[in-house]
Amino acid sequence: MGILDKFENGVERVVNNAFAKAFRSEVKPVDLASALRREVDDRAAVVGRDRTVVPNDFTLTLSTADYDQVEAWGAEALADELATIVTEHATSQHYAFVGPVTVSFTEEPELETGRFDVHSATVRGAVAPATTTAPSARHPLVDIDGQRYLLTGERTVVGRGSEADIIVDDPGVSRLHLEIRVTPDGVIATDLGSTNGLFVEGHQVPAATLLDGNTLTIGRTRILFWTGSEPDQEG
């Protein structure tokens, strides 16, 4: 059960009573989640037919006391959970992202305890969480172990290392294993000199132009690829 679940079920159910008491009069994680949802709704922009883009980069500015509480508990875990909440909200509202969703915290000593500000931006990246099941020629979709991503950049690197655009937790995958490049002539998958190679439809290949519905395998990880026949209309 995550931080937000605990607070939504009542602070008395939180195992760590000290943490619950600390947040009783200060900023609560559910307050931050609600503010992020509002920010997404307020900043939603229609950019094309059936396409509404929302911010994907969020900074929460906290008072010194609230910032210290978040740091003491674990800012990274809370940020990840808030990013998940934002993604789920965007999916329910049929919004689209142009890059990965990130949440970070900053400190502002002049803020009173319990007060905070939200700043957001739309930052393009190589991939974005898929909030729709409809891919397109401009933004193909890949499914990796049940997690779906839109390829929003021209070049996407998949691998086990932190430098990869999509990080795969698989010891059989190299740090930088696979490149997927979206070109005017099609989507091309290329093995980046990995140890265990790239397989497309069960055949080991150095590179391949992908077709709708193709299955790629790297290590023990299966990647499903889809693309549409018509490009997005984006203003």
Side-chain angles (χ1 to χ4, degrees), residues 48 50-51 53 56-57 76-77 79-81 83-84 86-88 90-92 94-102 123-234:
D50 299 326
R51 182 170 169 81
V53 170
N56 59 297
D57 183 81
E76 184 176 350
D80 288 345
E81 192 165 352
T84 299
V86 169
T87 303
E88 291 174 347
T91 300
S92 71
H94 305 291
Y95 296 147
F97 298 113
V98 298
V101 178
T102 60
V123 180
R124 183 171 292 278
V127 296
T131 56
T132 174
T133 57
S136 70
R138 184 171 185 175
H139 294 145
L141 185 150
V142 294
D143 182 307
I144 303 179
D145 291 335
Q147 191 76 28
R148 294 188 171 193
Y149 305 89
L150 284 179
L151 306 184
T152 49
E154 293 182 359
R155 177 178 185 265
T156 302
V157 174
V158 183
R160 186 167 46 84
S162 59
E163 317 95 299
D165 299 305
I166 301 177
I167 300 174
V168 177
D169 184 14
D170 180 344
V173 171
S174 297
R175 293 186 62 81
L176 300 176
H177 195 119
L178 166 68
E179 175 194 86
I180 304 176
R181 187 178 291 273
V182 180
T183 77
D185 299 320
V187 181
I188 302 171
T190 303
D191 182 5
L192 296 176
S194 66
T195 301
N196 294 320
L198 163 66
F199 294 80
V200 177
E201 299 299 327
H203 301 283
Q204 186 169 5
V205 293
T209 299
L210 300 179
L211 303 175
D212 189 49
N214 272 163
T215 299
L216 296 74
T217 304
I218 55 174
R220 296 182 178 179
T221 299
R222 186 176 68 165
I223 302 172
L224 305 179
F225 173 84
W226 292 285
T227 187
S229 57
E230 296 294 331
D232 282 339
Q233 301 295 318
E234 186 171 319

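In what follows, residues are counted from 1 in the order of the sequence shown. All values reported here derive from a predicted model rather than from experimental measurement. All values below were derived from every heavy atom in this structure, side-chain atoms included, with hydrogens, water molecules and symmetry-related copies excluded.
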Engineer: Give, for atom CZ of Arg124 and atom OG1 of Thr152, the distance between the pair rounded to the nearest 0.5 Å.
Structural biologist: 6.0 Å
Engineer: Donor-acceptor pair, distance only, cut-off 3.5 Å: does the side chain of Asn56 make one with the backbone of Pro100?
Structural biologist: yes
Engineer: Answer yes or no: is there a side-chain heavy-atom contact under 4.5 Å between Thr132 and His94?
Structural biologist: no
Engineer: How far apart are the closest heavy atoms of Pro135 and Leu141, and which atoms are they?
Structural biologist: CB-CB, 3.7 Å
Engineer: Side chains of Leu210 and Thr227, heavy atoms from C-beta outward: is any pair under 4.5 Å?
Structural biologist: no
Engineer: Donor-acceptor pair, Thr209 side chain versus Ile188 backbone, under 3.5 Å?
Structural biologist: no
Engineer: I'd like to check Thr131 versus Phe97 (side-chain heavy atoms, cut-off strictly below 4.5 Å). Are they in contact?
Structural biologist: yes
Engineer: Walk me through whether Leu176 and Glu163 qualify under side-chain contact (heavy atoms from CB on, under 4.5 Å).
Structural biologist: CA-CA 8 Å; Leu176 300 176; Glu163 317 95 299; 4.1 Å; yes
Engineer: Taking the side chain as every heavy atom from C-beta outward, state whether Arg222 and Thr215 have any pair of such atoms under 4.5 Å apart.
Structural biologist: yes
Engineer: Considering non-hydrogen atoms only, spot the tightest contact between Thr87 and Pro129 and give its length.
Structural biologist: CG2-CB, 3.8 Å
Engineer: Give the intermediate values and the outcome of salt bridge (charged side-chain N to carboxylate O under 4.0 Å, His left out) for residues Arg148 and Asp143.
Structural biologist: CA-CA 4 Å; Arg148 294 188 171 193; Asp143 182 307; 3.2 Å; yes
Engineer: Quick check for you: to the nearest 0.5 Å, what is the distance between Tyr149 atom OH and Ile144 atom CD1?
Structural biologist: 6.0 Å
Engineer: Between Thr156 and Asp165, does a side chain to side chain donor-acceptor pair (under 3.5 Å) hold up when you go through it step by step?
Structural biologist: CA-CA 6 Å; Thr156 302; Asp165 299 305; 5.0 Å; no
Engineer: Where the side chain of Asn214 meets the backbone of Leu211, is there a donor-acceptor pair that is under 3.5 Å apart?
Structural biologist: yes
Engineer: For Val205 and Asp191, what are the C-alpha separation, side-chain angles and deciding distance, and is it a side-chain contact (heavy atoms from CB on, under 4.5 Å)?
Structural biologist: CA-CA 8 Å; Val205 293; Asp191 182 5; over 6 Å; no
Engineer: Evaluate the side-chain contact (heavy atoms from CB on, under 4.5 Å) criterion for residues Glu81 and Glu76: first the C-alpha distance (whole Å), next the side-chain angles of each, then the deciding distance (0.1 Å), finally the verdict.
Structural biologist: CA-CA 9 Å; Glu81 192 165 352; Glu76 184 176 350; over 6 Å; no
Engineer: At their closest point, which heavy atom of Gly159 faces which heavy atom of Ala164, and how far apart are they?
Structural biologist: N-CB, 3.5 Å
Engineer: Show, in sequence, the C-alpha distance, side-chain angles and deciding distance for Ile218 and Ile223, and conclude whether the side-chain contact (heavy atoms from CB on, under 4.5 Å) test is met.
Structural biologist: CA-CA 8 Å; Ile218 55 174; Ile223 302 172; 4.0 Å; yes
Engineer: Kindly compute the distance separating CG (Leu216) from NE2 (His177), expressed to the nearest 0.5 Å.
Structural biologist: 10.0 Å
Engineer: Should we say atom CD of Gln204 is surrounded by more than 12 heavy atoms from elsewhere, each under 6.0 Å from it?
Structural biologist: yes
Engineer: So does Glu154 have more than 12 non-hydrogen atoms from other groups sitting under 6.0 Å from CD?
Structural biologist: no
Engineer: Nearest 0.5 Å please: distance from the CD atom of Glu201 over to the OG1 atom of Thr217.
Structural biologist: 8.5 Å
Engineer: Are the side chains of Val182 and Pro140 in touch, meaning some heavy atoms are under 4.5 Å apart?
Structural biologist: yes
Engineer: Quick one: are Leu224 and Val142 in side-chain contact, heavy atoms under 4.5 Å?
Structural biologist: no
Engineer: With heavy-atom distances below 4.5 Å as the criterion, would you say the side chains of Arg175 and Ser194 are in contact?
Structural biologist: no
Engineer: Is Phe225 close to Val187 at the side-chain level, that is, under 4.5 Å between some pair of heavy atoms?
Structural biologist: yes
Engineer: Hey, what do you get for CZ (Arg160) to OG1 (Thr221), rounding to the nearest 0.5 Å?
Structural biologist: 11.0 Å
Engineer: Could you measure the distance from the OG atom of Ser174 to the CG atom of Asn196? Nearest 0.5 Å is fine.
Structural biologist: 6.5 Å
